[in-house]
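Take a look at the structure set out below.
The structure displayed is predicted, hence computed values, not measured ones. In what follows, residues are counted from 1 in the order of the sequence shown.
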Amino acid sequence: MPTIRNIAVGLPVKDGHVLLSESFDAVRGLAFFRAVGGGIEFGERADQALRREFREELDVELTEAELLGVVENLFEFEGRPGHEYVHVFAVRSDDLDAVPLDAELVVLDEGSAVRWIPLDTTAAVFPEGVLTMLDRDRLDHRPREA
């Protein structure tokens, strides 16, 4: 029986770019980007899951995580329906701030590429609408902590 997943994703922003994971749906022939994150485990708060996922997937620590909202995401991937509630966070990480805009990271537990993508990208980004949740001016130009 299909289930509804609760997930937490983070959107690190740097110099007009957001860090996203690259993916491909072979059934639809669709290349797309997805916010980095993953499942919330029983007894775990969304912000805790987010921090754990960034450690597990990218081996980075988050210094800030601000909940932007929750999105219900009904989708199809590889011909199978999916349903999830996505807790979307604006995040900062000193580790990620040091990553150059032209660098490519790799998700440690699955191997997909992660890269900085311009905030004004016309590429497909999922869950739909997550980039519009960012207050781009405030996030991209706030003073960096010492």
Stepwise side-chain contact (heavy atoms from CB on, under 4.5 Å) check, Thr121 with Leu131: CA-CA 10 Å; Thr121 184; Leu131 296 185; 4.2 Å; yes

Straight-line distance of [X] [atom1] to [Y] [atom2], nearest 0.5 Å:
X     : Y     : atom1 : atom2 : value
Asn6  : Glu41 : CG    : CD    : 12.5 Å
Ile40 : Arg45 : CD1   : CZ    : 11.0 Å
Phe75 : Arg34 : CZ    : CZ    : 6.0 Å

[X] to [Y] - nearest heavy-atom pair and separation:
X     : Y      : result
Gly79 : Val27  : N-CG2, 3.8 Å
Glu57 : Gly37  : OE2-O, 3.0 Å
Val86 : Pro127 : CG2-CG, 3.7 Å
Ala49 : Gly39  : CB-O, 3.9 Å

Verdict with supporting geometry, Glu56 and Phe54, side-chain contact (heavy atoms from CB on, under 4.5 Å): CA-CA 6 Å; Glu56 290 175 359; Phe54 268 78; over 6 Å; no

For [X] and [Y], indicate whether the former's side chain and the latter's backbone hold a donor-acceptor pair under 3.5 Å.
X     : Y     : result
His87 : Ile7  : yes
Ser23 : Phe32 : no
Asn73 : Glu84 : no
Arg52 : Glu44 : no

Would [X] end up clustered with [Y] when hydrophobic side chains under 4.5 Å apart are linked, directly or stepwise?
X      : Y      : answer
Leu119 : Phe126 : no
Leu68  : Phe33  : yes
Val114 : Phe89  : yes
Val130 : Tyr85  : no

Does any non-hydrogen side-chain atom of [Y] lie less than 4.5 Å from one of [X]?
X      : Y     : result
Ser112 : Phe24 : no
Leu105 : Leu96 : yes
Arg115 : Ser21 : no
Trp116 : Val99 : yes
Asp25  : Glu78 : yes

Leu11 and its side-chain contact (heavy atoms from CB on, under 4.5 Å) partner, picked from Leu20, Val91, Val36, Leu19: Leu20

Pair Glu61-Arg51, side-chain contact (heavy atoms from CB on, under 4.5 Å): steps then yes or no: CA-CA 7 Å; Glu61 294 295 326; Arg51 291 175 188 281; 5.9 Å; no

Val71 and Met133: CA distance, side-chain angles, deciding distance, side-chain contact (heavy atoms from CB on, under 4.5 Å) verdict: CA-CA 10 Å; Val71 175; Met133 297 175 81; 3.7 Å; yes

Lys14 with Asp97: basic N within carboxylate O range, under 4.0 Å: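 Salt bridge flag = no for Asp97 with Lys14.
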
Whether over 12 other heavy atoms sit under 6.0 Å from Asp59 CG: no

Glu128, CD: over 12 other non-hydrogen atoms inside 6.0 angstrom: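 12 or below, so no.
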
